[in-house]
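Note: hydrogens, waters and symmetry copies are ignored here, and every other heavy atom, side chains too, is used.
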Amino acid sequence: MSAFPYFPHTAEDIRQMLERIGVSSLEDLYSDVPADFLYKGEYDLPDAKSEQEVRDWFEKLAALNPKLKVFVGAGSYDHYSPAVIPNLLSRSEFLTAYTPYQCEISQGTLRYIFEYQSMICNLTGMDVSNASMYDGPTAAAEAMRMAVACAKKKNTVLVSKGLLPNVLQVIGTYAKYYGTTLKEIALDGGQTSLESLKALLAEGDVAGAIVPLLNRYGIIEDHTGFADALHEAGAVLAEYCDPSALAVLKSPAEWGADIAVGDGQSLGIPMTYGGPSVGFMACRKDHMRKLPGRIVGQTVDGEGRRSFVLTLQAREQHIRREKATSNICSNESLMALYVTIYLSLMGPQGMKEVNEKSYAGAHYLYEQLLKTGKFEPVFDKPFLKEFVLKPLVDLDELQKKLYSAGFFAGLKTEEGYASFCVTEKRSKEEIDTLIHEILR
C-alpha cells in the first residue's frame, strides 16, 4: 500500500512503470535537469489544519474583499440572482459527463444545453444557437471568424467603436493571428454611424460588421438600414447584445442581423470579481453550418421517448483542421445551466420587471447627478440602465471618496467621462445616499 491512501499508485505500481521505461528511480526522470536547479532543502509547508480552522482562514481572507454597492456596468452587471439556483445546479441529473459525446449517459447535460439554446433563440429571435462559449468577448471574436467564413474570399470585418473596450481588444487579438483585417466604424452622436458603415463598405472586401445593441456609453443604438447596407454588399451583420435587455428591446432578428453574440453574465450570474461568465452565439438557419462549437438537438430513442443528442459539431476535433469553423474546444456548460435556471425562474414577466426597475433607477440617478451641478450631459440618446456624464470635478478623487463610503461608482472611460449603471438591486435609498456622498 502507498503511504498516502488517496494516491492511486502503490510502490509496486511505481516499480513496474519505472522498469517499463528503463529507469531505476523517480530521481532518474530528472537526470537532464542541471543539479544546480534542483531544490534540495525542506519545503516550508504549514501544519495541517482542521476543517474549522480552514473555514476560519478562508473567512478572514474573504473579509479582505471590500463589499461595495455597485453603480458600474461596463459589461458586468450586478443583477439579482435567485437563491435557489446554486441548489438546482448541483442536482444529480445535471452532473453527467463533462463532454456529452455519449448521449446514453449524458441526457441531463444535453437536455439543459438544449433548453439553454432554445431560450437564447427566444431572446435573440435567431433560428439556432450553439452550446455556450467562454464569454462575450470571445463570442464576438468567433463572430468575426464566422463572418469571414460566411462571406468567402473577403477578409475585412468592420467593428463599431461603440463596442466595449475589452471586446474590441479580444477581437483584435483574434484578427491579428488569423490574418483578418479590421476597420473601425466611427460614432456619430455617441452611436454607430450608418454613413461611416456605408463608406467602409464602398471600399470593398467586407465580410461583415459587428455592432453593439447597447453600446459602451449605455446608448440603445438605432440600427435602421445597417442590415440592408451590409446584405447589399454581400456581408453579414452581427450584433453584440446584453441578453437581459433583449427582454424589452428590439431583438437582433428584428434588426435584420444574421448573428447575435454577447455575454450571458447579466442573466443572474454573480459578478464574483470578474468571472466565470458565459458567451452566447446564435444565427439564422442559413449560416448554421458556419457556427462554431456544438449544437444539441432533440430526437426520440428506440422506445419513442424524448431524448437529446449532439447534432452538429463543426470544430477542429471532429473534422479536418483546415475545414473547421473554429478550434474553440470547450463550452461554459455550468454557467449555461445557471442561465437556463435563471431564465426559467424569472420568466418573461420577471425579465420585464428587471428592466423596468433598472430603467427607472438609472434615469432617477441621471437626473439627480445633473442636479448636483458636478456633471453635465454628454449624449442626448436613449439609455436603459447605463449612461455616461461629463464630470466637472476631479473624477479620480470623487471615485476614492465614494469608495470610502462603500460605493463603486463613476467608472472613468477613455474619454474621461463618468460611467454609471443602475440595476434592479439598487434601491432609491442607496441612490439618494450616493448623491449625498457626492454633495458632501
Side-chain angles (χ1 to χ4, degrees), residues 60-80 136-137 161-170 187 189-191 212 214-220 242 263 265-266 270-275 277 357-440:
K60 289 179 181 178
L61 186 64
L64 299 176
N65 292 324
K67 296 181 180 179
L68 307 176
K69 299 296 182 183
V70 179
F71 281 88
V72 165
S76 185
Y77 301 97
D78 190 22
H79 283 292
Y80 163 72
K161 292 184 72 173
L163 289 164
L164 290 164
N166 61 324
V167 175
L168 286 172
Q169 289 166 4
V170 173
L187 303 182
Q191 77 161 32
L214 284 174
N215 69 24
R216 60 185 296 189
Y217 306 122
I219 293 171
I220 303 170
D242 173 352
D263 200 306
Q265 184 276 331
S266 63
M271 293 185 294
T272 51
Y273 295 91
S277 188
K357 291 181 178 179
S358 299
Y359 177 92
H363 284 74
Y364 176 69
L365 175 60
Y366 183 88
E367 294 166 0
Q368 296 305 308
L369 286 170
L370 291 179
K371 288 180 181 178
T372 66
K374 299 179 184 292
F375 300 90
E376 63 182 25
V378 179
F379 304 113
D380 184 20
K381 292 288 192 300
F383 64 89
L384 180 60
K385 62 187 175 187
E386 193 169 9
F387 58 88
V388 294
L389 292 172
K390 181 180 178 181
L392 302 178
V393 295
D394 187 317
L395 186 54
D396 293 326
E397 291 302 316
L398 180 61
Q399 269 193 334
K400 292 176 184 177
K401 178 180 175 181
L402 294 176
Y403 183 90
S404 298
F407 294 98
F408 180 30
L411 184 68
K412 193 173 186 178
T413 71
E414 293 175 0
E415 305 87 350
Y417 301 146
S419 177
F420 294 89
C421 179
V422 181
T423 68
E424 78 284 7
K425 285 180 65 175
R426 302 282 75 87
S427 67
K428 181 178 181 297
E429 290 74 19
E430 289 172 341
I431 295 173
D432 289 340
T433 303
L434 174 67
I435 297 297
H436 173 76
E437 291 297 331
I438 290 174
L439 290 170
R440 190 167 61 86

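Atom CG of residue L370 and atom OG1 of residue T372 lie 7.5 Å apart, to the nearest 0.5 angstrom. Interatomic distance, S76 OG to M271 CE, rounded to the nearest 0.5 Å: 5.5 Å. One distance of note links CD1 of I431 with NZ of K428; it measures 8.5 Å at 0.5 Å rounding. Atom CD1 of residue I220 and atom NZ of residue K381 lie 12.5 Å apart, to the nearest 0.5 angstrom. One finds the NZ atom of K400 at 8.0 Å from the CG atom of D394 (value rounded to the nearest 0.5 Å). Rounding to the nearest 0.5 angstrom, the gap separating the CG atom in D380 from the CD1 atom in I219 is 9.5 Å.
Counting heavy atoms of neighbouring residues, nucleotides and ligands inside a 6.0 Å radius, atom NZ of K357 does not exceed 12 of them. Crowding of K161 atom NZ: a count of heavy atoms from other residues, nucleotides or ligands under 6.0 Å not exceeding 12.
N215 has its side chain within reach of Q191: a pair of non-hydrogen atoms, C-beta onward, lies under 4.5 Å apart. Counting heavy atoms from C-beta on, the side chains of C421 and Y77 come closer than 4.5 Å. Within the 4.5 Å cutoff, side-chain heavy atoms of P165 are placed close to those of E414. Counting heavy atoms from C-beta outward, K374 and P391 have side chains that stay 4.5 Å or more apart. In this structure the side chain of K69 never reaches within 4.5 angstrom of the side chain of F408, judged on heavy atoms. Under the 4.5 Å side-chain criterion, counting only non-hydrogen atoms from C-beta, E415 is in contact with Y217. With contacts defined as side-chain heavy-atom distances shorter than 4.5 Å, the pair R216/L163 does not qualify. Put simply, the side chain of L164 does not reach to within 4.5 Å of the side chain of P212, judged on heavy atoms.
D78 and T423 share no donor-acceptor pair across their side chains, judged by distance under 3.5 Å alone. Judged by distance alone, the side chains of D432 and Y364 do bring a donor and an acceptor atom under 3.5 Å apart. When only modelled atom types and interatomic distance are considered, H79 and K385 share a side-chain donor-acceptor pair under 3.5 Å.
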Applying ring pair (Phe, Tyr, Trp, His ring centres under 6.0 Å), run through F383 and Y359 and close with a yes or a no.
CA-CA 8 Å; F383 64 89; Y359 177 92; 7.1 Å; no
For a side chain to side chain contact (heavy atoms under 4.5 Å, CB included) check, start with the C-alpha distance between L402 and I438, then their side-chain angles and the critical distance, and finish with the verdict.
CA-CA 7 Å; L402 294 176; I438 290 174; 3.9 Å; yes
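Residue V422 is tested with L434, L365, V70, L384 for a side-chain contact (heavy atoms from CB on, under 4.5 Å); the sole match is L365.
Annotation for A74 and L411: closest pair CB-CD2, 3.7 Å, computed over non-hydrogen atoms. Of all heavy-atom pairs between P66 and Y273, the closest is O-OH, 3.2 Å. Between D242 and S266, the closest heavy-atom pair is OD1-OG, 2.6 Å. In plain terms, the two heavy atoms of Y366 and P377 that are nearest each other are OH-CB, 3.7 Å.
Applying the ring-ring contact (aromatic ring centres under 6.0 Å, His included) rule to F420 yields the partners F375, F387; only residues at least two apart in sequence or on another chain are considered.
Side-chain atoms of S358 come within 3.5 Å of backbone N or O of E424 as a donor-acceptor pair. Checking side-chain atoms of Q399 against main-chain N and O of G410 turns up a donor-acceptor pair under 3.5 Å.
Ring planes of F379 and Y417: perpendicular class, angle over 60° (limits at 30 and 60°).
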